[in-house]
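Below is one structure, written out as structure tokens; the observations come after it.
Indexing begins at 1, ligand by ligand and atom by atom, following the structure's order. All values reported here derive from a predicted model rather than from experimental measurement.
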Amino acid sequence: MLIGKAPEFKSSDITPREKFLNRRNLIFGGLAAAGVAYEWHKKMPPLYTPSVEASSKLATVPGTFPPVSDPVTPQGKATSYNNFYEFGTDKADPKANAGKMHVRPWTIKIEGLCNNPKTVDIDALLKFKPLEDRTYRFRCVEAWSMIVPWVGYPLAELIKFADPKPQAKFVEFTSLADRSQMELPGGFDWPYKEGLRIDEAMNPLALLTFGSYGQTLENQQGAPVRVIVPWKYGFKSAKSIVKIRFTDKQPTTTWNDMASNEYGFYSNVNPGHSHPRWSQAHERRIDASVFPKTIATLPFNGYANEVASLYNGMDLNRYF
Ligand code: MTE
């Protein structure tokens, strides 16, 4: 399998937006009416075709949020400078090693305190809601940032489908950990885990992400599905998710578990709260330029209008 090699598509291969929406509405409208919404995929043969393992184009609708005005990071940079420790700790390792990961067939298990626990096939999930283009700022805790046009739909849609019980206060994400496909270096307690408070996860900015730059995610970006939480440091955005669990207790998360004084559970981008070993006031923007410029970091990564109210009354130095 080749990673990063898009197959040649003719424009006629791409489902026009109206047709995509009509087909989707027909399928989901009809199924909902029959009272069997979302059960169908269990009875059908897997939708697997080998070609979906390579990057392929996705039909999208315009994003709900206006794109950020900063220049977009070139795709080649966003897909070759990655953190995906399952494939090694160097930024070049994910691109070099993630080709071994099989992204079909793939399922996500929804479990815990919810009324609709299920194992969902990735291709059903992909078609569940229209895919939006969402160009976001993405800020890593290591003080570099990118502007990436992601493709997905609100995480809230999946949460509504799962229908959490009133006791559920948090949602935990678990990534794939499979030694036959991954390096899984020592020093980490695999699988990679992350978590959000349910109201954070329901915020319209939180994106269940299947693609970027109009294509399916490349493996090193967390194919076939990851979350993107743009107002938080990048490590909150778990890649290659296989399980979503609803819980009444704050879940243990990989980086918080490794060094709770360095990586808080909340990890909202906060230029006023330094990492114990470096300042978070500035970031190195990875864009088309040969020499990345250093720019000031914005509170909540520039999304304060959308998310600051989630943290009203909280001491953000204590809950960092
Ligand atoms: N998810 C998993 N499963 N494993 C990881 O190592 N790294 C995190 C996050 N999600 C990571 C992960 C970190 S530290 C960052 S900065 C982002 O993914 C990087 O996303 P990108 O490679 O698409 O830029």
One pair per line, please: each N/O atom of ligand 1 matched with every protein N/O atom under 3.5 Å away, atom names first, then the distance to 0.1 Å.
| residue | atom | partner | partner atom | Å |
| --- | --- | --- | --- | --- |
| ligand 1 | 1 (N) | Lys239 | N | 3.1 |
| ligand 1 | 3 (N) | Glu86 | OE2 | 2.8 |
| ligand 1 | 3 (N) | Ser175 | OG | 2.9 |
| ligand 1 | 4 (N) | Glu86 | OE1 | 2.8 |
| ligand 1 | 4 (N) | Glu86 | OE2 | 3.4 |
| ligand 1 | 6 (O) | Tyr85 | N | 2.8 |
| ligand 1 | 7 (N) | Asn83 | O | 3.3 |
| ligand 1 | 10 (N) | Ser237 | O | 2.9 |
| ligand 1 | 18 (O) | Arg226 | NH2 | 3.4 |
| ligand 1 | 20 (O) | Arg226 | NH2 | 3.2 |
| ligand 1 | 22 (O) | Asn82 | ND2 | 2.8 |
| ligand 1 | 22 (O) | Asn83 | N | 3.4 |
| ligand 1 | 22 (O) | Lys239 | NZ | 2.7 |
| ligand 1 | 23 (O) | Arg226 | NH1 | 2.8 |

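Stacking of Lys236 on the aromatic ring of Phe265 is recorded, both the 6.0 Å distance cut-off and the 45° axial limit being met. Geometric assessment of Arg137 against the ring of Tyr303 yields a positive cation-pi assignment under the 6.0 Å and 45° thresholds.
In this view, Trp106 satisfies the ring-ring contact (aromatic ring centres under 6.0 Å, His included) rule with no residue, not counting sequence neighbours.
Centroid-to-centroid, the aromatic rings of Phe188 and Tyr85 come within less than 6.0 Å. For Phe128 and Phe161, the ring centers sit closer than 6.0 Å to each other.
No more than 12 heavy atoms of other residues, nucleotides or ligands sit less than 6.0 Å from atom CG of Asp189.
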